Amino acid sequence: MWRDRYVSGNPNSADLSYSTYLVKNRFIANFSYRKEYLDHLGTTFSLFYQLQDGPRYSYTYGGDLNNDGLSGNDLIYIPNSKDEIALVGDNAQDTRSSDQLWSQLNGYINQDNYLNAHRGQYAKRNALVGKMIGTLDIRIAQDVFLNTGSKKHQLQITFDIFNFGNMINKSWGVAQSKWYLKLQRIKCTGTTNILLPLFRCYQSDSAHQHILK
């Protein structure tokens, strides 16, 4: 059996989807300036900038939905309506009604362009893309050289700062993804022929979007 990939059913089914490391959009620019002086010294100042798509991610259930022995790899079904999902609170102290739970989950689906456009379907593997990431790197190269006849001897010392923008603003140059929607099947209920899975709808904490509180 194939392991450790996001699936919506049979883990051995070779369903086509997006690669984890697919980057469709990328812009790269660089600038370099060199100055030689005192006959034996040269300094080069360089900037490297890259702007690209953020990391790809998937919406999955918590736990092991299809009993394949792996947790967190089962792609969610995006419900059209309240009738397509049974929700319960986070714990015994969670007093939210089923209507409140659905209202909050539905609100989350509405504000997410991908989820809202694919209601009634299973989410695709790696179909979502995080916010674009821009990084700026700086290099200063110091050369010491000596010309002896037709030969040139050179020593170079470099000083590099990677992701320089993050030193100025901690939110720059950081990959962002979504981690605050979590549904977990806890049990099934119903008749022998018709089983209805119940999903626990977790509350978010202060560090996340408060769509499930």
Side-chain angles (χ1 to χ4, degrees), residues 2 4-25 53-91 94-133 175-191 193-213:
W2 292 98
D4 304 321
R5 64 175 180 175
Y6 299 133
V7 296
S8 59
N10 183 359
N12 293 320
S13 178
D15 297 328
L16 291 177
S17 193
Y18 300 96
S19 167
T20 300
Y21 302 105
L22 173 64
V23 177
K24 282 189 173 183
N25 304 291
D53 289 336
R56 290 192 167 265
Y57 62 98
S58 310
Y59 278 116
T60 60
Y61 293 111
D64 183 9
L65 188 73
N66 60 354
N67 295 318
D68 63 354
L70 297 175
S71 296
N73 71 320
D74 300 309
L75 296 165
I76 69 168
Y77 174 79
I78 309 164
N80 266 313
S81 66
K82 178 184 174 182
D83 297 333
E84 293 185 342
I85 187 170
L87 298 168
V88 296
D90 191 356
N91 49 50
D94 190 344
T95 59
R96 291 175 295 170
S97 67
S98 59
D99 288 336
Q100 289 176 313
L101 291 167
W102 167 248
S103 176
Q104 292 165 352
L105 176 59
N106 190 51
Y108 183 87
I109 295 173
N110 283 334
Q111 62 83 45
D112 186 291
N113 292 333
Y114 177 83
L115 293 178
N116 198 37
H118 293 83
R119 286 178 181 267
Q121 305 173 29
Y122 281 94
K124 294 292 186 180
R125 180 175 68 250
N126 297 322
L128 295 103
V129 184
K131 293 182 179 180
M132 298 196 81
I133 309 167
Q176 297 182 5
S177 190
K178 297 187 178 182
W179 301 95
Y180 41 78
L181 174 62
K182 188 174 183 181
L183 298 172
Q184 182 174 2
R185 189 188 71 170
I186 53 174
K187 63 180 179 179
C188 290
T189 184
T191 65
N193 296 324
I194 301 176
L195 293 178
L196 180 65
L198 296 178
F199 291 95
R200 174 177 289 128
C201 197
Y202 288 88
Q203 299 191 56
S204 62
D205 57 36
S206 58
H208 295 151
Q209 300 282 344
H210 295 281
I211 48 89
L212 295 180
K213 186 175 74 172

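Small disclaimer: the values here were computed from a predicted structure and weren't measured. Residues: numbered from 1 along the sequence shown.
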| query | Can you check whether Tyr59 reaches Asp112 side chain to side chain, under 4.5 Å on heavy atoms? | reply | yes

| Backbone of Tyr108 reached by a side-chain donor or acceptor of Gln111 within 3.5 Å | yes

| field | Heavy-atom check, side chain of Ser17 versus side chain of Tyr6, under 4.5 Å | value | no

| field | Heavy-atom closest pair, residues Tyr18 and Ala127 | value | CD1-CA, 3.6 Å

| Any donor-acceptor N or O pair under 3.5 Å, side chains Asn73, Arg125 | no

| Closest heavy-atom pair and its distance - Pro55, Ile133 | CD-CD1, 3.9 Å

| field | Spatial distance of atom CG (Leu105) from atom NZ (Lys82) [nearest 0.5 Å] | value | 12.0 Å

| query | Heavy atoms, side chains only, cut-off 4.5 Å: are Thr60 and Asp74 in contact? | reply | no

| Nearest 0.5 Å, what's the CG-CG distance between Leu128 and Asn113? | 9.5 Å

| Does the side chain of Asn110 reach to within under 4.5 Å of the side chain of Arg119, using non-hydrogen atoms? | yes

| Leu22 versus Asn126: any side-chain heavy-atom pair under 4.5 Å? | no

| said: Looking at every non-hydrogen atom in both residues, tell me the closest pair between Tyr77 and Glu84 and how far apart they are. | reply: OH-OE1, 3.1 Å

| Atom pair OG (Ser98) and CD1 (Ile85), whose distance is rounded to the nearest 0.5 Å | 11.5 Å

| note | All heavy atoms of Ser58 vs all of Leu75, minimum pair found to be CB-CD2, 3.8 Å

| query | Measuring from Lys24:NZ to Arg56:CZ, what's the distance to the nearest 0.5 Å? | reply | 6.0 Å

| task | Please round to the nearest 0.5 Å and tell me the distance separating atom OG of Ser8 and atom OH of Tyr61. | result | 10.0 Å

| note | Looking only at heavy atoms, the pair that brings Ile76 and Leu115 closest together is CD1-CD2, 4.2 Å

| request: Specify the closest pair of heavy atoms between Val129 and Gly54, including all atoms of both residues, with the distance to one decimal. | output: CG1-O, 3.6 Å

| query | Would you say the side chain of Asp53 lies within less than 4.5 Å of the side chain of Met132, judging by non-hydrogen atoms? | reply | yes

